[in-house]
Amino acid sequence: MTGHATVAEAMTRDPLTFRPDTAIGNAVSSMLSHKVSGAPVLDAAGALAGVITAKDCFRAALHASYHQEWSRTVGDYMTDRVETLDAETDLVTAAQRFMERDFRRFPVTSDGRLVGIVTRLDLLRALHAHWSYAPGPRGGA
């Protein structure tokens, strides 16, 4: 790897976000239309309050199937103990964090404020771009 590549280079800026009081059915619709499987949840002051994931939405769907309606909020289902990555974290350290955790994404912060989100695939793409890659006997095709 050359230089000091950081999470800021790999993350998605301005990710889809929700408030805890967003109707869960609306959040699911938005996640599907934006083709994302998780999103940060921000409180009224814009601080990170949690993350809502597809797995959390499965719980909501099970409740909805019982009650025949999506009647609760993002805050009822979100994960509120959130781990983040700082935007200046180097890519290798970020990869280590993904290896240590069973997370598919990390919210990215700078000075304590949400600035993006990075997924496993985003990080793999960035790592791949920072090494010279020439397909060959070991590289596949």
Flag side-chain contact, heavy atom, 4.5 Å: [X] against [Y]:
| X | Y | value |
| --- | --- | --- |
| Phe18 | Met31 | yes |
| Thr12 | Asp122 | yes |
| Thr109 | Val115 | no |

For this session: I would like to know whether Ile24 and Thr73 meet side chain to side chain contact (heavy atoms under 4.5 Å, CB included); could you show each step before the answer?
Result: CA-CA 5 Å; Ile24 191 67; Thr73 66; 5.9 Å; no
Exercise. So if you build clusters from Ile, Leu, Val, Met, Phe, Trp, Tyr with side-chain heavy-atom gaps below 4.5 Å, do Val118 and Leu114 land together?
Worked result: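 No, it is not one cluster - the side chains of Val118 and Leu114 are not joined through contacts under 4.5 Å.
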For this session: Determine whether Met78 and Val28 fall in the same hydrophobic cluster, where Ile, Leu, Val, Met, Phe, Trp and Tyr are linked whenever their side-chain heavy atoms lie under 4.5 Å apart.
Result: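 Looking at the clustering, Val28 is in the same group as Met78.
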For this session: Could I get the full list of side-chain contact (heavy atoms from CB on, under 4.5 Å) partners for Ser29, not counting sequence neighbours?
Result: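 Per chain and number, Ser29 pairs via side-chain contact (heavy atoms from CB on, under 4.5 Å) with no residue.
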Problem set entry | Partners meeting side-chain contact (heavy atoms from CB on, under 4.5 Å) with Asn26 (sequence neighbours left out) |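 Asn26 satisfies side-chain contact (heavy atoms from CB on, under 4.5 Å) with Thr22, Ala23 only.
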All salt bridge (charged side-chain N to carboxylate O under 4.0 Å, His left out) counterparts of [X], not counting sequence neighbours:
| X | result |
| --- | --- |
| Asp86 | none |
| Arg19 | none |
| Asp76 | Arg72 |
| Arg101 | Glu83 |

Problem set entry | ILVMFWY cluster membership beyond Leu121 - transitive side-chain contacts under 4.5 angstrom |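 Members other than Leu121 - counting any ILVMFWY side chain reachable under 4.5 Å - there are none.
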Please give me the minimum heavy-atom distance between [X] and [Y], naming the atom from each residue.
| X | Y | result |
| --- | --- | --- |
| Gly116 | Pro15 | CA-CD, 3.8 Å |
| Val82 | Thr79 | CG2-O, 3.6 Å |
| His130 | Ala5 | NE2-CB, 3.4 Å |
| Leu16 | Val36 | CD2-CG2, 3.8 Å |
| Ala94 | Thr89 | N-CG2, 3.9 Å |
| Ser65 | Leu62 | OG-O, 2.7 Å |

Exercise. Quick one: does His128's side chain have a donor or acceptor within less than 3.5 Å of a partner on Leu124's backbone?
Worked result: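 No, the answer is negative, given that no donor and acceptor are paired below the 3.5 Å cut-off.
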Rounded distance (nearest 0.5 Å) linking atom [atom1] of [X] with atom [atom2] of [Y]:
| X | Y | atom1 | atom2 | value |
| --- | --- | --- | --- | --- |
| Met11 | Arg13 | CE | CZ | 3.5 Å |
| Ile117 | Thr84 | CD1 | OG1 | 11.5 Å |
| Leu91 | His4 | CG | NE2 | 8.5 Å |

Problem set entry | Which residues share a ring-ring contact (aromatic ring centres under 6.0 Å, His included) with His63, sequence neighbours left out |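 With neighbours one apart ignored, the set is Tyr77.
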Problem set entry | Results of ring-ring contact (aromatic ring centres under 6.0 Å, His included) for Phe106 - residues two or more places apart only |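 Phe106 satisfies ring-ring contact (aromatic ring centres under 6.0 Å, His included) with Phe98, Phe103 only.
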Exercise. Quick check: are there more than 12 heavy atoms from other residues, nucleotides or ligands sitting under 6.0 Å from CZ of Arg59?
Worked result: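 Counting neighbours around CZ of Arg59, more than 12 heavy atoms of other residues, nucleotides or ligands fall under 6.0 Å, so yes.
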Problem set entry | Which residues share a side chain to side chain donor-acceptor pair (under 3.5 Å) with Thr17, sequence neighbours left out |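 With sequence neighbours excluded, Thr17 shows a side chain to side chain donor-acceptor pair (under 3.5 Å) to no residue whatsoever.
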Compile the donor-acceptor pairs under 3.5 Å between side chains in residues 42-58 and protein atoms, sequence neighbours left out, one pair per line.
| unit_1 | atom_1 | unit_2 | atom_2 | d |
| --- | --- | --- | --- | --- |
| Asp43 | OD1 | Ala45 | N | 2.9 |
| Asp43 | OD1 | Gly46 | N | 3.0 |
| Asp43 | OD1 | Ala47 | N | 2.9 |
| Thr53 | OG1 | Lys55 | N | 3.4 |
| Thr53 | OG1 | Asp56 | N | 3.2 |
| Thr53 | OG1 | Asp56 | OD2 | 3.1 |
| Asp56 | OD2 | Thr53 | N | 2.9 |

Exercise. What residue pairs, at least two apart or across chains, pass salt bridge (Lys or Arg N to Asp or Glu O under 4.0 Å) with a residue in residues 105-119?
Worked result: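 Those involving residues 105-119 do not exist here.
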